[in-house]
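As structure tokens, the structure follows; a few thoughts come after it.
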Amino acid sequence: MNKRFLPVIAVLAAAILLCFGLPKPKYASLNILPALNIPGEFGDWKSKDISGQLKLQGEQYNFISNVFARVYSNPQGRELLLLILDAGNFHNPKVCYGATGFIANDLPDTQLRVPTKQFKATTVYLTKNNTNLVLTYWLCINKKLVGWTGQKIQEFFYSLLNKKKAGLMVRVDVPTFSNDKENAIRLAQTFITDLSNQHSPGENEYLFGK
């Protein structure tokens with residue numbers, strides 16, 4: 001290795017240590033969630049707020065700035081959970097569910113349609129005893145859809161520059177049966193399309209990207 005790069009490497013190593021190696025204060029974001037005014041009822045969907053049941057107090061949750069969590073249901077009795085995390089360092093849902101005993105199996109990405117675009121969202125099938133879920137999620141940082149690598153890169157630079165950002169993980173969890181995964185996916189697709197029609201294009205960009 002060329003010795004001229006050693007000082008650069010030393011500076012980067014020190015920056016990484018300062019950004020990620022020290023105890024973290026409570027993450028402060030642009031707090032965009034309240035401004036989005038996500039409706040509790042729209043079309044055939046009605047909901048119940050469960051954000052207070054998540055019990056996200058404690059230093060281990062300092063990476064979360066805000067959370068939106070509502071269980072929506074339709075007249076046919078189908079339910080789903082819409083969870084939106086405004087956070088500074090996202091955790092893969094498969095890891096979180098795996099820690100509680102769920103077995104995760106990747107499904108093909110789900111095509112979602114909103115008024116101005118279509119995009120693909122990661123989809124996972126989760127099982128534990130008699131509980132089955134189809135989970136669809138994506139990451140949107142400053143109105144840009146990103147993957148896990150892109151999220152980590154942006155997290156590093158925003159931390160390094162000490163700048164706030166609008167970083168959201170959007171998740172739709174649909175309870176289902178082992179032979180009903182396709183219907184669960186279609187329910188999530190319908191829900192996201194219906195939800196996106198409730199917002200202006202500018203608001204949708206924070207949830208679904210430009």
Side-chain angles (χ1 to χ4, degrees), residues 19-20 23-40 45 47-72 79-100 102 104 106 109-110 112 114 119-126 133-159 163-175 188 191-192 195-196 198-199 202-210:
C19 289
F20 301 105
K24 296 289 190 300
K26 180 69 175 179
Y27 168 68
S29 73
L30 293 177
N31 197 27
I32 195 65
L33 266 179
L36 297 181
N37 296 315
I38 300 168
W45 298 98
S47 72
K48 177 183 178 182
D49 184 4
I50 64 164
S51 55
Q53 301 176 29
L54 299 182
K55 298 186 170 105
L56 300 179
Q57 294 79 29
E59 292 184 358
Q60 68 270 34
Y61 298 110
N62 277 353
F63 70 97
I64 297 174
S65 174
N66 202 353
V67 61
F68 176 97
R70 300 191 75 93
V71 173
Y72 287 82
E79 291 187 339
L80 58 81
L81 166 66
L82 174 64
L83 178 68
I84 307 176
L85 290 177
D86 180 351
N89 189 14
F90 297 108
H91 296 180
N92 192 311
K94 289 197 298 183
V95 176
C96 298
Y97 271 100
T100 60
F102 278 86
D106 293 327
D109 291 346
T110 296
L112 298 175
V114 297
F119 66 98
K120 291 185 177 181
T122 304
T123 305
V124 182
Y125 179 59
L126 298 152
L133 297 171
V134 170
L135 185 155
T136 302
Y137 73 92
W138 63 94
L139 306 175
C140 191
I141 298 178
N142 283 350
K143 301 184 177 183
K144 181 180 179 182
L145 294 174
V146 299
W148 287 108
T149 301
Q151 185 265 147
K152 294 299 182 184
I153 292 173
Q154 292 209 30
E155 181 66 29
F156 170 75
F157 282 107
Y158 276 96
S159 298
K163 291 181 63 176
K164 293 182 180 180
K165 66 183 186 302
L168 304 178
M169 173 188 279
V170 186
R171 263 180 43 192
V172 180
D173 298 10
V174 183
F191 175 80
I192 289 300
L195 176 65
S196 66
Q198 307 304 308
H199 290 120
E203 291 173 319
N204 275 337
E205 288 175 356
Y206 282 106
L207 292 172
F208 312 115
K210 290 184 178 181

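As a basis for the values below, the full set of heavy atoms in this structure was taken, side chains included, without hydrogen atoms, waters or symmetry mates. All values derive from a computational prediction rather than experimental measurement.
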Heavy-atom closest contact (A35 atom, E203 atom, distance): O-OE2, 3.7 Å

Y206 to L168 - nearest heavy-atom pair and separation: O-CD1, 3.5 Å

T123 (side chain) donor-acceptor with A121 (main chain) under 3.5 angstrom: yes

Separation of K94 NZ from D106 CG (nearest 0.5 Å): 3.5 Å

Straight-line distance of F68 CZ to L33 CG, nearest 0.5 Å: 8.0 Å

Which residues share a ring pair (Phe, Tyr, Trp, His ring centres under 6.0 Å) with Y97, sequence neighbours left out: F102

Shortest non-hydrogen contact between C140 and G209, atoms and distance: SG-N, 3.4 Å

From CG (L145) to CH2 (W138), nearest 0.5 Å: 8.5 Å

CA sep, side-chain torsions, deciding dist, call: L81, I50, side-chain contact (heavy atoms from CB on, under 4.5 Å): CA-CA 9 Å; L81 166 66; I50 64 164; 3.7 Å; yes

From I38 atom CD1 to Q198 atom CD, the distance as rounded to the nearest 0.5 Å: 11.5 Å

Side chain proximity check, T136 to V170, heavy atoms < 4.5 angstrom: no

Distance, nearest 0.5 Å, that separates CD1 of I32 from NZ of K143: 7.5 Å

Close side-chain approach of L83 and S51, heavy atoms under 4.5 Å: no

